[in-house]
Amino acid sequence: MILETQDAGNGVTLAILSGRLDIAGASAIDLKFNAAAGAARKLVVDISGVSFVASIGLRTLVTGAKAISNKGGRMVLVAPQPNVEKVLRSSSIDTIIPIYPDQAAAMVALA
Amino acid sequence: MSAERRQVFNAALEAVAPATSWADGRARAEKVDGDTAYAIQLCVEELATNSVLHGKRQKPGWFAIDLRASSDTVTLVFEDDAAPFDITQAESRRVDKPLSDVAPGGLGIGLVKSMSSDVRYVRRDDVNVISVEFRRPD
């Protein structure tokens, strides 16, 4: 599991996740993701490179989203692969962390 | 119906990834479609993680998985020596509150039920036996 972060401008932080967000993957990025969420007020999480997500990975995403929300900020997800999106929608994660089809749409939403 | 090829793993978090990989390999060998294979991997991940983290074992334990395929269904059979746990009676959580009120975690059982067509449970000879059925697409 790989996590890269960068300043996307306009106060938005872009986090790019790739790999399997399973128990091993979540363990690998939890600290760094929490740090990114702790430092960001607007966080776009591009998960187009995430091939698998389990409930432990959903926990990582929700924890980050709550940290940002507690500061009055927002976190959104971008471009999940079809089976990953199915998991997100099956568990209704999409009702608390909005999903956008691409980074541009996410940036507009957070503007 | 294919022959049984039950695989046993130590009840340890390090065994979860090999178990999902093994299940995926078996699914591919049975020519299971990609969406169903993904759902099988997810269910193995959730059941194995739950068994290891919440199995209430007093000593090193095990879990085992098997995949049984027919022309219209694939059945994942998950067994472990953990404390009795009837997954069919367990709450299926999904997010139903605002983000501020949601507690992270606890979504695994709901995912197992929502990603499969049927889940059954029996306790047999001090072993939990969970059968998770998936319908193959037409």
Side-chain angles (χ1 to χ4, degrees), chain A residues 1 19-30 33-34 37-38 41-43 45 47 50-77 80-99, chain B residues 9 11-21 23-24 27 32-54 63 87 90-117 134 137:
Chain A
M1 192 79 214
R20 289 174 63 89
L21 199 44
D22 53 13
I23 192 159
S27 299
I29 59 107
D30 258 352
F33 189 77
N34 286 338
R41 189 170 172 84
K42 297 178 180 178
L43 183 63
V45 185
I47 55 172
V50 174
S51 59
F52 180 90
V53 65
S55 64
I56 197 84
L58 300 181
R59 181 191 184 104
T60 295
L61 296 175
V62 171
T63 300
K66 282 180 72 73
I68 295 171
S69 177
N70 288 341
K71 297 179 295 187
R74 289 182 68 199
M75 178 179 125
V76 301
L77 300 173
Q81 295 179 18
N83 275 315
V84 170
E85 183 167 0
K86 185 176 181 182
V87 172
L88 294 168
R89 296 196 187 280
S90 291
S91 51
S92 299
I93 290 293
D94 58 310
T95 64
I96 54 173
I97 310 176
I99 300 173
Chain B
F9 299 87
L13 289 178
E14 294 74 19
V16 175
T20 59
S21 179
D24 190 49
V32 172
D33 66 284
D35 289 349
T36 305
Y38 185 98
I40 291 168
Q41 276 194 68
L42 181 63
C43 290
V44 170
E45 171 94 13
E46 300 299 344
L47 293 171
T49 302
N50 195 57
S51 174
V52 172
L53 293 181
H54 306 298
F63 66 84
I87 187 174
E91 181 185 9
S92 299
R93 279 193 57 206
R94 55 187 293 172
V95 173
D96 57 0
K97 298 172 183 170
L99 180 59
S100 57
D101 298 334
V102 169
L107 299 170
I109 291 170
L111 284 175
V112 171
K113 293 179 179 177
S114 68
M115 301 293 280
S116 62
S117 53
F134 306 85

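Below, each value reflects all heavy atoms present in this structure, side chains not excepted, and no hydrogens, waters or symmetry copies. Protein chains get the first letters and strands the later ones, always in sequence-line order, with residue 1 at the start of each.
Contacts between B:Thr49 and chain A at a heavy-atom distance below 4.5 Å involve the side chain alone, from C-beta outward. B:Leu111 touches chain A through its side chain: at least one heavy atom from C-beta onward sits under 4.5 Å away, while N, CA, C and O do not. Neither the backbone nor the side chain of A:Thr60 comes within contact range of chain B; no heavy atoms are under 4.5 Å apart. Only the backbone of B:Asp101 comes within less than 4.5 Å of a heavy atom in chain A; its side chain stays farther off. Heavy atoms closer than 4.5 Å to chain B are found in the side chain of A:Thr95, but not in its backbone. If you measure heavy-atom distances from B:Glu14 to chain A, you find no contacts under 4.5 Å at all. Of the atoms belonging to A:Ile23, heavy atoms from both backbone and side chain fall under 4.5 Å from chain B.
Highest contact tally toward chain B, considering only A:Val53, A:Leu58, A:Ile97, A:Leu61, is held by A:Val53 [criterion: heavy-atom pairs under 4.5 Å]. Of the residues considered (B:Asp35, B:Val95, B:Val16), B:Val95 shows the highest number of contacts with chain A, using heavy-atom pairs under 4.5 Å. Of the listed residues (A:Ser27, A:Ala54, A:Ser69), the greatest number of heavy-atom pairs within a distance under 4.5 Å of chain B belongs to A:Ala54. When the candidates B:Ser114, B:Gly105, B:Gly34 are compared by the number of heavy-atom contacts under 4.5 Å with chain A, B:Gly105 comes out ahead.
The neighbour count for B:Lys97 NZ, taken as heavy atoms of other residues, nucleotides or ligands under 6.0 Å away, does not exceed 12.
If you check the side chains of B:Asp33 and B:Thr36, you find a donor sitting under 3.5 Å from an acceptor. For the residue pair B:Gln41 / B:Thr20, no side-chain donor-acceptor distance below 3.5 Å is found, with atom types taken as modelled.
When every heavy atom of B:Val102 is checked against every heavy atom of A:Lys66, the shortest pair comes out as O-NZ, 2.9 Å. Taking each heavy atom of A:Arg41 and A:Gly72 in turn, the nearest pair found is NH2-O, 3.8 Å.
In this structure, the side chains of A:Leu43 and A:Arg74 stay at 4.5 Å or more apart for every pair of heavy atoms.
Ring geometry, B:Tyr38 versus A:Phe52: the interplanar angle falls from 30° to 60°, so the pair is classed tilted.
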side-chain hydrogen bond (donor to acceptor under 3.5 Å, both in side chains) between B:Arg94 and A:Ser91, intermediate numbers included = CA-CA 5 Å; B:Arg94 55 187 293 172; A:Ser91 51; over 6 Å; no
